[in-house]
> 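Quick one: this structure, given as structure tokens, is what I'll be asking you about.
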Amino acid sequence: MAQGRILVVAPNEALRLSLAFALEAEGYEVTARGELPYHGWVAQKAFDATVLDQRALTGADYESIAFCVKAHPVVLLASRPHPWLVEWVSDVVEMPVVGNAVASALDRTIVHGQ
């Protein structure tokens with residue numbers, strides 16, 4: 001069973017709760033937020049990985065990149081990922097999420113360090 005502390009950031013409540021439920025069932029300890037938390041809070045919590053819905057990125061591009069650097073490693077959820085953002089995340093899962101794609105991406109990211 002998977003282990004680790006995961007931050008989930010998704011503005012859509014149904015998606016956020018669904019992701020939290022599925023990841024907790026996989027054995028992760030999940031903290032779910034509807035919007036991007038402050039960088040200091042992310043650093044203080046020291047999550048093992050972040051699952052980020054691209055729709056949560058509402059600020060300037062540089063703010064999104066700064067968040068991804070601070071919250072690294074990041075698994076990005078997106079229908080069409082921003083080209084400038086892809087290099088700042090560890091993995092991209094296409095939306096809508098199918099099956100255990102997020103858990104698989106986290107496994108690759110955390111366990112195998114990709």
Side-chain angles (χ1 to χ4, degrees):
M1 188 169 256
Q3 294 181 1
R5 298 181 66 240
I6 307 299
L7 172 63
V8 172
V9 182
N12 180 286
E13 183 179 20
L15 175 61
R16 185 171 62 250
L17 294 175
S18 176
L19 287 168
F21 178 80
L23 294 174
E24 286 170 350
E26 291 287 330
Y28 292 106
E29 179 185 328
V30 178
T31 300
R33 304 281 302 250
E35 56 189 35
L36 291 181
Y38 294 106
H39 298 214
W41 183 87
V42 172
Q44 179 185 34
K45 298 295 183 183
F47 293 100
D48 295 306
T50 301
V51 176
L52 174 64
D53 180 351
Q54 182 172 269
R55 294 173 291 192
L57 303 175
T58 58
D61 295 356
Y62 70 87
E63 291 172 344
S64 300
I65 292 169
F67 176 80
C68 289
V69 168
K70 186 58 74 177
H72 185 79
V74 174
V75 173
L76 181 69
L77 307 178
S79 299
R80 285 182 233 130
H82 299 311
W84 54 265
L85 185 60
V86 173
E87 69 182 281
W88 298 101
V89 300
S90 299
D91 206 340
V92 177
V93 173
E94 188 174 334
M95 293 282 281
V97 176
V98 177
N100 65 347
V102 174
S104 295
L106 285 171
D107 181 54
R108 287 190 302 273
T109 300
I110 295 172
V111 176
H112 302 295
Q114 293 183 359

> Are Val89 and Val69 connected in a single hydrophobic cluster, I mean Ile/Leu/Val/Met/Phe/Trp/Tyr linked by side-chain heavy atoms less than 4.5 Å apart?
yes

> If you round to the nearest 0.5 Å, how far is CG of Leu52 from CG of Leu57?
4.5 Å

> Checking Asn12 side chain against Leu15 main chain: does a donor-acceptor pair fall under 3.5 Å?
yes

> Find out if a path of hydrophobic residues (ILVMFWY) with successive side-chain heavy-atom gaps under 4.5 Å connects Val74 to Val51.
no

> Would you confirm whether the ring centroid of Trp41 sits within less than 6.0 angstrom of the ring centroid of Phe47?
yes

> Starting from Tyr28, can I reach Val42 by hopping between I/L/V/M/F/W/Y residues whose side chains sit under 4.5 Å apart?
no

> How close do Ala43 and Lys70 get, heavy atom to heavy atom, and via which atoms?
CB-CD, 3.8 Å

> To the closest 0.5 Å, what do you measure between CG (Leu7) and CG (Leu23)?
11.0 Å

> Where the side chain of Ser18 meets the backbone of Ala14, is there a donor-acceptor pair that is under 3.5 Å apart?
no

> In Å, rounded to the nearest 0.5 Å, how long is the span from CD of Glu26 to CG of Asn100?
6.5 Å

> Among Val75, Ile110, Thr31, Thr50, whose side-chain contact (heavy atoms from CB on, under 4.5 Å) with Ile6 holds?
Ile110

> Search all heavy atoms of Asp48 against all heavy atoms of Gly4 and return the closest pair with its distance.
OD2-CA, 3.1 Å

> Measure from the side-chain N and O atoms of Arg5 to the backbone N and O of Lys45, and report whether any donor-acceptor pair falls under 3.5 Å.
yes

> With rounding to the nearest 0.5 Å, note down the distance linking NE2 in His39 to CD in Gln44.
14.5 Å

> Can you tell me if CD on Glu63 sees more than 12 non-hydrogen neighbours from other groups inside 6.0 Å?
yes

> Indicate if Val93 and Leu19 have the same hydrophobic cluster label, given that clusters are the connected sets of ILVMFWY residues with side-chain heavy-atom separations under 4.5 angstrom.
yes

> Using every non-hydrogen atom in the two residues, find where Ala56 and Leu36 come nearest and quote the distance to one decimal.
O-CG, 3.9 Å

> Let me confirm one number: the CH2-OG distance from Trp88 to Ser64, rounded to the nearest 0.5 Å.
12.0 Å

> Check whether Val9 and Leu76 end up in the same hydrophobic cluster, where Ile, Leu, Val, Met, Phe, Trp and Tyr are linked by side-chain heavy atoms less than 4.5 Å apart.
yes

> Say you draw a straight line from CZ of Arg33 to CZ of Arg16; how long is it, rounded to the nearest 0.5 Å?
10.0 Å

> So which atom in Gln54 and which in Arg80 form the shortest heavy-atom distance, rounded to 0.1 Å?
NE2-O, 3.1 Å

